[in-house]
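For reference, the structure discussed in these notes is given below.
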Amino acid sequence: MDEITMKKIRADVDFRTLTRSRSMLSWLLTAAMLILYFGFILMVAFAPGALTMIGAPASILSFIIPIALILAPVILISIYVWRANARFDGLTAKIMGKFR
Amino acid sequence: MRRWGEVPLAIAAVLFMMAARPALAAAAAEPAPVNWTAIAMFLIFVLSTLYITFWAARRRATRAQFYTAGGEITGLQNGLAIAGDYISASSFLGVSALIYSYGYDGVVYVIGTIAGWPIVMFLLAERLRNLGRYNVADVVSYRLGRAPIRIFSAVGALIVIAMYLVGQMIGAGQLIKLLFGLDYDYAVLLMGALMIVYVTFGGMLATTWIQIVKAVLLLLGVSYIGFAVLWRFGFDLNALIVTAVDAHPKHDAIMRPGLLLTDPISTVSLGIALMFGTPGLPHILMRFFTVPNTKEARKSILFASSFMGYFYLLLLIIGFGAIALVSTNPEYLDASGALRGGGNMAAVLLAHAVGGNLFMGFISAVTFATILAVVSGLALSGATAVSHDLYANVFRHGRANDRQEVLVSKIATVALGIVAVAIGILAQKQNIAFLGGLAFAVAASTNFPPLLLSIYWRGLTTRGAVVGGCLGLLSSVGLTVLSPTIWVHALGYASPIFPYDSPTLFSMPLAFIGAWLVSILDRSPEAATVKARFEEQYIRSETGIGSIKSS
C-alpha cells in the first residue's frame, strides 16, 4: 500500500464508519465483560458475604450469579458476532471493492 | 507422500504393544486393575486418530498445510477444535475436583476459565487473522524489528508451552496408571509417541480433527453424566444441592466463597491470570490462522464459547453431583474417607456411579483423548515457534523454503516430544499442580501485553515490546518461585518471600508499564521507523487489505 492510497482509505467515509463503530462496540463489550467479571472477583475476594445474601442457604439461587457469569461471555460474543455480520462485513467489502 | 501415510499406523501399533505388554504384567501386582473397557475404547480412539493422521499425511507438505491446514477449516470445525484444544484434562478433572472439594470456590475457576474469550473475540481474533499468517509472532513482528521480536516471541511461547505440556504429561501419566492400570513410564511414553506421530505426519489438519473428535466425545460424555445426575434428582436442581450440602463435610460453606480462595489479593491475582492468560496462549491463538477469513474466525469463537459455556455449566452439575453421589458411597472412598485414586477422580467416579463400568471406561478413554488433543496442539505450536520464528525468520532471515521449514518443524516436534516425555518421567513424583496456573500467569504477563500493544498502540517500539515482555516473564516466574507454593512447600523454607499464590496482579502491570516506559524513552531511528509503519498495519488490521491468503 502506498502513501496516497493509505491517505485515501483513511479519509474514506466507509472506512471511518467501520472503524469508529467497530471500535466503539468492541471496547464497550470489553468494558462490560471486565466490569462483570472483576466485579464478581472483587466480591469473592473482599466481600464474600455479599454473595450469600441471595436465596435460601441450599438452593440453586445461590449460584445464579456464577451461572450468569458463565453465560455472559457467550451472550456478549453473540451480540458482537450479530453486529459484525449485519454491519461490518458489508462495510469491509465496500472498502475492499474501492481500494483493492 | 503417500507411502509415509502407512508409517504412523505401524509405529503406533508397535509402540502400543511395547507399552501394553510389560505394563499389563506390572499392573497385575498393583492395586489398580486393568480396565479392559477403557483400553478397548481408547484403542478405537487411537485407531481412528491414526486413520485421520494417515488421511492428512497425503496432503501436500507445504508450510501453510503444516502450520494452519491451508486455512481451509470452517468456523464450526474450528469452534469445536478450539474447545478441544482449550478444555484440558485439568479443566475437566481438576476443576470438577475443585468443585467437589470446595464448592463455590471451584465455580470461580470455571468462571475465570471462560472469561478470557470475550477479550479474544473483541480485541484480538479478527485482527490476528488480518495481520498474521501462521502464528502470533507474525502479528507482533508485523512492524516491529523481526529478529528480536521473533526470538522473544518464540521463547515466550516455548516457556508457556513447556509448562503446560509437562503439566499435562505428568497428570496424564498418573491418570492413565489409575484408569487403565498401565505403568506410568509407559503411559507417558505412549502419549509422547502418539503426539509426535500425529503432529509430524498430520500437521495442523490431523491435530484439528483429533481436537474435533475429542471435543465431540467429551461433550457427549459430560452430557450423559449431567443428564444422568439430573435424572437421579428428578430434574430438581434444588434437590441435588440439598443432598450435596448434606453430604459435604463443610455443609453450607460450599454455597459461598471462602473454602479455597481465602486470601483476597491472591484471589484477584488469580482472576487476572485466568482472564488474560487465555489471550496469551500461543496454541489457542494459532487456531485463528486455520480459517479462511475474519467472518469464519468470529464464527469459530461463537461456536467455541457456546460449547464451552455448555461444558462448564455441566461441570457445575458434575461437581455437585459428585458430592451428592460419590462422597456418600463407601465403594468410592478409601479408609480415610478420601476419594479412591485421589481428588482428581471425582468426575470419573461419578461416571461409574451413574453409568457403571462401561461408561467409566468411556470417560477414561475420553480423558486420555482430551490429553492427546491438547498436547498435540501444544506440540504443533511449539514446533512452529522453533521452525517459523527461530529457524526461518531469524536464522535464515526469511529465506527458508517450504521443505526446509516443514522439516525443521518435524524435527522440533520430535525433540519437544522427547523432552516432554523425559521431564514427565523424571518429575513423576513432583507436585506439579502449580504448573497449569503458572502457564496462565506467564501467558498473561509475557505474551499478552506485547501482542495487545503491538496491535493498538502506535507508540510501541521493538525495545519496548521486548523489555516489557521480558519483565513480565521474569517477574511472573520469579514471584512464583518466591511464593508459598514453591518457596515454602517445595523448597522447604519457613516463610515465603512473596506472600501471594499468583503473581499476575503485579507481573502483568509490570509488563505493560515496562513496555510503555521503554517505548516512550526510545529515541532510536528504528523506533521512528516502526511507529511510521503503524499506519499501514492499522489499515490492514481493520480491513484485511493486503492480507495474505493462507492457502
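The chains referred to below are lettered A, B, ... by the order of the sequence lines, with proteins before strands, and numbering in each begins at 1. What's counted below: heavy atoms across the whole structure, side chains too, no hydrogens, waters or symmetry copies. Since the structure is predicted, the reported quantities are computational estimates derived from the model, not experimental observations.
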If you take all heavy atoms of [X] and [Y], which pair is closest and at what distance?
{"X": "Ser59(A)", "Y": "Asn238(B)", "result": "CA-OD1, 3.3 Å"}
{"X": "Phe63(A)", "Y": "Ile241(B)", "result": "CD1-CD1, 4.1 Å"}
{"X": "Phe122(B)", "Y": "Ser26(A)", "result": "O-CB, 3.3 Å"}

Measuring only between side-chain heavy atoms, which start at C-beta, is [X] closer than 4.5 Å to [Y]?
{"X": "Leu51(A)", "Y": "Arg256(B)", "value": "no"}
{"X": "Tyr310(B)", "Y": "Val74(A)", "value": "no"}
{"X": "Ile41(A)", "Y": "Ile111(B)", "value": "no"}

Quiz item: Between Tyr104(B) and Pro66(A), is there a donor-acceptor pair closer than 3.5 Å when you use the side chain of the first and the backbone of the second?
Solution: no

Quiz item: Would you find a donor on one side and an acceptor on the other, under 3.5 Å apart, between the side chain of Arg298(B) and the backbone of Tyr80(A)?
Solution: no

Practice problem: State the CG-CG distance between Leu61(A) and Leu237(B), to the nearest 0.5 angstrom. | Solution: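 If we round to the nearest 0.5 Å, Leu61(A):CG and Leu237(B):CG are 10.5 Å apart.
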
Quiz prompt | Point-to-point distance, once rounded to the nearest 0.5 Å, from CG of Leu34(A) to CZ of Phe276(B) | solution = 5.0 Å

Quiz item: Has Lys250(B) got more than 12 heavy atoms of other residues, nucleotides or ligands less than 6.0 Å from its NZ?
Solution: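 No.
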
[X], part contacting chain B, at a heavy-atom distance under 4.5 Å:
{"X": "Thr92(A)", "value": "side chain"}
{"X": "Ile70(A)", "value": "both"}
{"X": "Ile9(A)", "value": "side chain"}

Quiz item: Taking non-hydrogen atoms and a cut-off under 4.5 angstrom, which of residues 301-308 of chain B neighbour chain A?
Solution: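 Residues Ile301(B), Leu302(B), Ser305(B), Ser306(B) are the ones that qualify, each having a heavy atom under 4.5 Å from chain A.
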
